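To start, the structure under review is shown below, and the notes come after it.
From a predicted model like this one, the values you see are computed outputs, not experimental measurements.
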Amino acid sequence: MNKRRSFLKKAVAGITLAGVFPLSRSASAGEVKLKGALIHHVFFWLKEPGNEAHKKQLVEALNNLLDVKTIKLSHIGFPAGTESRDVVDHSYSISYMVLFDSKAEQDAYQTDPIHLKFVEENQHLWEKVVVYDSVDV
């Protein structure tokens, strides 16, 4: 958990320098909060999880999807080799996380031709997709 916080703090610090998101620092544990951002986290389960060509194709397509102009920060990843616990799900194939300035920016992303093309050309690869969107508390 501390490594994850450290990574996120460093990532957010980079964003701050770029002037992308307004930030505030909490006194507790050095937490950094993004103001007004929307986080869009997508988990993909491939139809053929052992098919390396399909995995490579989806990762390349996700990287191309990052050309959408409203995306401010991104991460594409595979399940981490963390310990197995009831609350940890390692069953997905690929995760994709992007940050937007606002819900309006995320809404624009959903109808962007690059996103629509991504879905059309790659949906045959996955059997399941789960999306978690979150905004500030």
Criterion side-chain contact (heavy atoms from CB on, under 4.5 Å) on Gln57 and Leu125, from CA distance to verdict: CA-CA 9 Å; Gln57 179 182 339; Leu125 297 173; 3.7 Å; yes
Test side-chain contact (heavy atoms from CB on, under 4.5 Å) applied to Val98 and Leu66, step by step: CA-CA 9 Å; Val98 290; Leu66 299 178; 3.9 Å; yes
CA sep, side-chain torsions, deciding dist, call: His40, Gln110, side-chain contact (heavy atoms from CB on, under 4.5 Å): CA-CA 11 Å; His40 179 69; Gln110 290 298 327; 3.6 Å; yes
Verdict with supporting geometry, Val131 and Val129, side-chain contact (heavy atoms from CB on, under 4.5 Å): CA-CA 7 Å; Val131 176; Val129 175; 4.2 Å; yes
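Looking at Ile94 and Leu62, their side chains come closer than 4.5 Å, going by heavy atoms from C-beta outward. Residues Gln106 and Thr70 are not in side-chain contact: their nearest non-hydrogen atoms beyond the backbone lie 4.5 Å or more apart. Looking only at side-chain heavy atoms (C-beta outward), Asp101 and Lys72 come within less than 4.5 Å of each other.
Distance check, rounded to the nearest 0.5 Å: CZ of Phe44 to OG of Ser95 gives 9.0 Å. Within the model, atoms NZ of Lys117 and CG of Asp67 stand 10.0 Å from one another, a figure rounded to the nearest 0.5 Å. Note: Asn64 CG to Glu121 CD = 9.0 Å, rounded to the nearest 0.5 Å.
The two residues Ile71 and Ser74 have their closest heavy-atom pair at CG2-CB, 4.4 Å. The two residues Ile76 and Asn63 have their closest heavy-atom pair at CD1-OD1, 3.5 Å.
Tracing side-chain contacts under 4.5 Å through hydrophobic residues (I, L, V, M, F, W, Y), one reaches Leu38 starting from Val68; they form part of the same cluster. Side-chain heavy atoms closer than 4.5 Å link hydrophobic residues (I, L, V, M, F, W, Y) into clusters, and following such links, even through other members, never connects Val119 to Val130.
Remark: Glu52 engages Lys55 in a salt bridge (charged side-chain N to carboxylate O under 4.0 Å, His left out) (not counting sequence neighbours). Looking at residues two or more places apart in sequence or on another chain, you find no salt bridge (charged side-chain N to carboxylate O under 4.0 Å, His left out) involving Lys47. In this structure, the side chain to side chain donor-acceptor pair (under 3.5 Å) partners of Lys103, at least two apart in sequence or on a different chain, are Asp107.
No donor-acceptor pair closer than 3.5 Å links the side chain of His75 to the backbone N or O of Met97. Asn122 places no side-chain N or O within 3.5 Å of a backbone atom of Leu58 that could act as its donor or acceptor partner. Counting only distance, with no hydrogens or angles, the side chain of Ser93 and the backbone of Leu46 share a donor-acceptor pair below 3.5 Å. Listed for the Asp112 side chain is no donor-acceptor partner under 3.5 Å among the backbone atoms of Ala108.
The aromatic ring centroids of His41 and Tyr132 lie 6.0 Å or more from each other. Aromatic rings from His90 and Tyr92 are positioned such that their centres are separated by 6.0 Å or more. Annotation: Phe118 is in aromatic contact with Trp126 [ring centroid separation under 6.0 Å].
Ring orientation note: the planes of Tyr96 and Tyr109 are close to parallel, at an angle under 30° on the 30°/60° scale.
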